[in-house]
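Every number for a ligand or one of its atoms is a count from 1 in the order of the listing. A quick note: this is a predicted structure, and the numbers were derived from the prediction, not measured.
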Amino acid sequence: MPADAPITQDVLTIPRKLPEGGKQNLVGLTRAQMRDVLIEAGTKEKQAKMRVGQIWQWIYQWGVRDFDSMTNLAKDYRAMLAEQFVIEIPEVVSKQVSEDGTRKYLVRIAGGHEVEVVYIPEEGRGTLCISSQVGCTLTCTFCHTGTQKLVRNLTAGEIIGQVMMARDDLDEWPTPGAPKDETRLLSNIVLMGMGEPLYNFDNVRDAMKIAMDPEGIQLSRRRITLSTSGVVPEIARTAEEIGCLLAISFHATDDATRDKLVPINKRWNIEELLGALASYPKVSNSERITFEYVMLHGVNDTDEDAHRLIDHIKSHNIPAKINLIPFNEWPGAPYKRSSNNRIRAFANIIYQAGYASPIRKTRGEDIMAACGQLKSATERARKSRKQIEAEAGLNS
Ligand code: SAH
Ligand code: SF4
């Protein structure tokens with residue numbers, strides 16, 4: 001799509017589809033929502049809070065998927081749950097493992113759509129890169145996902161379900177009663193897969209609340225990073241309602257270039273974006289903001305760009321680290337990666353100015369799992385919006 005295509009948040013949000021037999025999925029409900037559905041199903045109001053706590057722990061702390069294993073619940077209560085509810089997560093369609101150990105999963109969600117999830121193992125930790133939408137309504141010109149037209153928001157269950165799926169695959173659910181193992185294969189989450197998380201705010205927030213819940217997945221909010229292209233009004237909400245770390249897809253130092261690379265810049269320009277970023281660390285009580293900067297040969301990689309970038313950050317007093325991302329190519333991409341020497345020179349200017357400037361190591365390139373290379377096979381069998389709506393029963 002051309003860079004000047006309209007910026008749209010026109011996303012088809014498919015309502016939570018009741019699975020076969022009309023059973024409701026418990027995965028992804030907030031505690032309040034779970035309480036409501038349990039009461040509706042016949043749980044006594046006085047007991048509802050305790051039941052939510054018990055079921056919640058089974059699902060998110062122990063990774064249990066069948067009600068019969070929930071041994072601290074009465075047998076007839078378990079039978080009632082099994083009759084009315086399911087515990088379902090996205091289904092793994094395929095898994096590829098890179099030479100460097102990176103795993104790329106293709107998972108299928110309701111309606112037959114597919115999204116990609118990437119697991120990146122590192123020394124002493126491991127990061128899961130999850131998706132928030134099928135495709136993306138934005139059209140950043142260097143991003144493969146941005147060329148995918150089919151878009152829908154993922155539900156909170158589908159978002160947290162990606163984390164649960166990875167824990168299944170890594171075989172990392174603890175056993176009740178066993179000593180707590182502090183080293184985790186899946187220790188960090190980044191919302192850097194497919195989609196713009198701040199265009200699916202409520203579902204992303206609800207899913208991340210589960211990820212951070214002390215009786216849930218139990219990740220600290222400092223181990224969750226949300227990356228946005230710059231949806232300015234939602235940045236303050238992210239600080240207040242999620243409080244995770246923030247990464248910003250900055251990528252250019254003047255509005256004309258950023259308009260082309262990250263077209264949402266036409267809606268909220270660099271100055272407005274910097275204003276929103278400046279208040280983020282205080283409101284969210286977090287540390288530095290990560291500035292992501294994709295290195296594109298001859299487009300945004302001069303010494304002047306590096307100096308302008310520093311001026312922007314300094315003039316707004318933003319605690320920052322600058323993550324330089326060597327451009328990952330994809331078939332038909334209109335850009336080339338800057339040379340290693342250029343990237344190093346750029347990094348050096350930033351470092352000399354007093355900011356950390358790590359160059360992101362490209363992982364999983366052999367399986368097209370690197371940043372910006374994700375684009376699901378859904379695209380190949382692209383359906384019309386009408387067809388999707390018909391399948392979801394929206395036009396009946
Ligand atoms: N939509 C969100 C999150 C997903 S993209 C966002 O744009 O921030 C995660 C990161 O990968 C972003 O910084 C994005 O700009 C970057 N990226 C996209 N395509 C890329 C490519 N081909 N090479 C390197 N980085 C890319
Ligand atoms: Fe969407 Fe992010 Fe890709 Fe831009 S970089 S098209 S916002 S996924």
Handout entry: Residue-ligand contact Tyr335/ligand 1, heavy atom below 4.0 Å
Key = no
Exercise for the section: Give the C-alpha distance, both sets of side-chain angles, the deciding distance and a yes or no for side-chain contact (heavy atoms from CB on, under 4.5 Å) between Val134 and Gln148. Expected result: CA-CA 9 Å; Val134 179; Gln148 184 169 330; 3.8 Å; yes
Exercise for the section: For Thr228, take its heavy atoms, then give the atoms of ligand 1 lying under 4.0 Å from any of them. Expected result: 6 (C), 8 (O)
Completion exercise
Atoms of ligand 1 under 4.0 Å from any heavy atom of Gly193, numbered from 1 in the order shown, are 4 (C)
Practice task
Could you verify whether a donor N or O on one side chain and an acceptor N or O on the other, from Asp169 and Tyr105, lie under 3.5 Å apart?
Solution key: yes
Handout entry: Atom indices of ligand 1, in the order listed, that fall short of 4.0 Å to a heavy atom of Phe142
Key = 15 (O), 17 (N), 18 (C), 19 (N), 20 (C), 21 (C), 22 (N)
Practice task
Considering the heavy atoms of Glu196, write down every atom of ligand 1 situated less than 4.0 Å from one of them.
Solution key: 1 (N), 2 (C)
Exercise for the section: Using the side-chain contact (heavy atoms from CB on, under 4.5 Å) rule, take Asp303 and Arg342 through it: C-alpha gap first, then chi angles, then the decisive distance, then the call. Expected result: CA-CA 9 Å; Asp303 286 357; Arg342 183 87 296 271; 2.8 Å; yes
Handout entry: ILVMFWY network linking Tyr351 to Ile349, side-chain heavy atoms under 4.5 angstrom
Key = no
Practice task
Give the numbers and elements of all ligand 1 atoms closer than 4.0 Å to a heavy atom of Phe327.
Solution key: 21 (C), 22 (N), 23 (N)
Exercise for the section: Determine, using ring centers only, whether Tyr293 and Phe346 are less than 6.0 Å apart. Expected result: yes
Practice task
Looking only at distances, please establish whether an N/O atom of ligand 1 is found under 3.5 Å from an N/O atom of Gly195.
Solution key: yes
Fill in the blank from the handout: For Ile325, the ligand 1 atoms with a heavy-atom partner under 4.0 Å come out as 24 (C), 25 (N)
Handout entry: Between His113 and Gln133: side-chain donor-acceptor atoms closer than 3.5 Å
Key = no
Exercise for the section: Would you kindly specify which portion of Val294 sits under 4.0 Å from ligand 1, judged on non-hydrogen atoms: side chain, backbone, both or neither? Expected result: side chain
Exercise for the section: Indicate yes or no: does Glu88 engage Lys23 in a salt bridge with an N to O separation below 4.0 Å. Expected result: no
Problem - Geometric N/O contact Ser249 with ligand 1, under 3.5 angstrom - result: yes
Problem - Test item, Ala333 contacting ligand 1 (heavy atom, 4.0 angstrom) - result: no
Practice task
Check whether any protein heavy atom sits under 4.0 Å from atom 2 (Fe) of ligand 2.
Solution key: no
Problem - Salt bridge flag under 4.0 Å for residues Lys361 and Glu122 - result: no
Problem - Closer than 2.8 Å to atom 1 (Fe) of ligand 2 - protein N, O or S atoms, ordered by chain and residue number - result: Cys136 SG
Problem - Min heavy-atom dist His251 to ligand 1 below 4.0 Å - result: yes
Exercise for the section: Return the orientation label for the Phe142 and His251 ring planes: parallel under 30°, perpendicular over 60°, tilted otherwise. Expected result: perpendicular
Fill in the blank from the handout: For Cys143, the ligand 1 atoms with a heavy-atom partner under 4.0 Å come out as 18 (C), 19 (N)
Problem - Salt bridge present between Arg184 and Glu172 (N-O < 4.0 angstrom) - result: no
Practice task
Apply the test salt bridge (charged side-chain N to carboxylate O under 4.0 Å, His left out) to residues Asp259 and Lys266: give CA-CA distance (whole Å), side-chain angles for both, the deciding distance (0.1 Å), then the verdict.
Solution key: CA-CA 6 Å; Asp259 281 352; Lys266 289 187 240 170; over 6 Å; no
Completion exercise
For Trp330, the atoms of ligand 1 under 4.0 Å from one of its heavy atoms are 22 (N)
Practice task
Looking only at distances, please establish whether an N/O atom of ligand 1 is found under 3.5 Å from an N/O atom of Arg360.
Solution key: no
Practice task
Report the part of Met192 in contact with ligand 1, treating N, CA, C, O as backbone and CB onward as side chain, heavy atoms under 4.0 Å; options are side chain, backbone, both, neither.
Solution key: both
Problem - Met50 reachable from Val37 in the ILVMFWY side-chain graph, under 4.5 Å edges - result: no
Exercise for the section: Identify whether Ile59 and Trp173 are in the same connected component of the hydrophobic contact network (ILVMFWY, side-chain heavy atoms under 4.5 Å). Expected result: yes
Problem - Residues Ile248, Thr228; criterion side-chain contact (heavy atoms from CB on, under 4.5 Å); working and verdict - result: CA-CA 5 Å; Ile248 179 78; Thr228 178; 3.9 Å; yes
